Amino acid sequence: MESRAFLRALYRAAVSAVEPGRLVAEALSRRGNAVVVRSVSDPGRREFVFVPRRVALLSVGKAAVAMAAAAHRALGALVHESIVVAPAGSPDEALPPGCRYLPSAHPVPDERSLAAGRQAAALASSLRSEDLLVVLLSGGGSSLLALPAEGVSLPDKVRTVSLLSAAGAPIADVNLVRGALSRLKAGRLAAAARQADVVTLVLSDVGDAGWHLVSSGPTLGIPPSRRAALALLELYRLLPLVPPAVRAYLQSPHVEDGPRDGGQRWSVLLGDIRTALEGARREALRLGADV
């Protein structure tokens with residue numbers, strides 16, 4: 001086989017292996033009035049079954065439209081309310097009527113990101129016990145969904161994150177500071193859902209750094225402390241350079257949030273770079289290559 005055609009075939013196979021709609025369809029289904037979530041990347045194929053009073057859907061990221069469309073096809077009338085936040089210009093024809101589509105900003109957040117953040121927070125906080133929030137995450141959500149901490153403006157937060165990135169901070173450190181300066185990121189959106197159950201399906205673009213970092217993990221992990229964010233800015237010698245409002249917020253006396261009683265919190269990895277590589281590997285074997 002000609003080399004260029006061989007490489008094209010591997011590329012197509014890698015992309016196909018992480019096609020968002022197909023992965024969501026494999027993981028999410030309806031069984032009567034129950035929502036069934038399968039752990040597709042787990043060899044044991046565990047299942048999580050929810051029988052909710054009400055289902056809300058939030059899809060955020062560069063693959064948000066394809067993921068949301070597949071989720072609606074899988075769950076049908078079980079979905080009572082849905083919000084889809086994707087980069088402006090994303091085709092949204094596949095979304096069903098009644099789905100709230102919010103085109104937002106990427107890679108730098110703006111007022112559209114704030115508006116989307118407020119709507120996502122309102123959706124989570126409207127849920128009650130026996131409700132289910134289904135969250136679909138893909139890359140890019142950190143800028144698409146923004147709601148800075150009280151007293152911190154969006155430009156202040158953008159400036160702080162830009163300084164960290166320019167200093168060479170890894171994504172885990174950047175997201176820790178993002179989370180400390182946010183009312184949504186690093187598990188804070190899940191906390192806003194209180195007694196409702198939250199299940200998160202993740203299509204990861206962060207490699208081995210950890211899929212809890214995708215879109216800054218609004219429903220994953222434990223909210224980081226102001227003290228930890230302050231220590232990181234000091235480590236990178238950025239504290240004198242960050243906006244005064246950020247410095248004042250992180251240095252202000254504060255009782256850190258402790259664990260909150262709430263509904264179930266589950267998350268499933270749909271796919272990542274390894275999924276794409278496995279797709280390419282299988283195609284290479286099919287074409288007779290020694291892999």
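Quick note: residue numbers are just sequence positions, from 1. Since the structure is predicted, the reported quantities are computational estimates derived from the model, not experimental observations.
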Asks: Keeping Ser16 on the side-chain end and Arg12 on the backbone end, is there a donor-acceptor pair under 3.5 Å?
Replies: no
Asks: Any link between Leu239 and Val246 through a network of hydrophobic side chains (Ile, Leu, Val, Met, Phe, Trp, Tyr) touching at under 4.5 Å?
Replies: yes
Asks: Quick one, Phe50 and Gln264 - any side-chain contact, counting heavy atoms below 4.5 Å?
Replies: yes
Asks: Answer yes or no: is there a donor N or O on one side and an acceptor on the other, between the side chain of Arg54 and the main chain of Leu127, under 3.5 Å?
Replies: no
Asks: Any chance you could lay out the salt bridge (charged side-chain N to carboxylate O under 4.0 Å, His left out) test for Arg274 and Glu278, step after step, and finish with the verdict?
Replies: CA-CA 6 Å; Arg274 288 164 294 194; Glu278 176 60 18; over 6 Å; no
Asks: Looking at Arg31 and Glu47, does any basic side-chain N land under 4.0 Å from a carboxylate oxygen?
Replies: yes
Asks: Okay, side chain of Ser162, backbone of Val158: is any donor-acceptor separation there less than 3.5 Å?
Replies: yes
Asks: Using modelled atom types and a 3.5 Å cut-off, is there a donor and acceptor pairing between side-chain atoms of Ser215 and backbone atoms of Gly139?
Replies: no
Asks: Does the side chain of Val214 reach to within under 4.5 Å of the side chain of Leu203, using non-hydrogen atoms?
Replies: no
Asks: Leu269 versus Ser204: any side-chain heavy-atom pair under 4.5 Å?
Replies: yes
Asks: Would you say the side chains of Asp173 and Tyr236 form a donor-acceptor pair under 3.5 Å?
Replies: yes
Asks: If you count heavy atoms of other groups shown closer than 6.0 angstrom to CD of Glu111, is the number above 12?
Replies: no
Asks: So Ile83 and Tyr101, do their side chains get closer than 4.5 Å, heavy atoms only?
Replies: no
Asks: Return yes if some donor-acceptor pair links the side-chain N/O of Ser113 with the main-chain N/O of Ser104 below 3.5 Å, else return no.
Replies: no
Asks: Without hydrogens or angle criteria, can the side chains of Ser142 and Ser216 be said to hold a donor-acceptor pair below 3.5 Å?
Replies: yes
Asks: Are any non-hydrogen side-chain atoms of Lys185 and Asn175 less than 4.5 angstrom apart?
Replies: no
Asks: Compute whether any side-chain donor of one residue and acceptor of the other, for Thr160 and Arg178, lie under 3.5 angstrom apart.
Replies: no
Asks: For Gln195 and Arg128: C-alpha separation, side-chain torsions, deciding distance, then whether side-chain hydrogen bond (donor to acceptor under 3.5 Å, both in side chains) applies.
Replies: CA-CA 6 Å; Gln195 298 298 318; Arg128 299 292 179 264; over 6 Å; no
Asks: Looking at Glu150 and Arg183, is there a salt bridge between them, counting it only when a charged N and a carboxylate O are closer than 4.0 Å?
Replies: yes
Asks: Go through the side-chain N and O atoms of Thr200 and Arg265 and say whether any donor and acceptor fall under 3.5 Å apart.
Replies: no
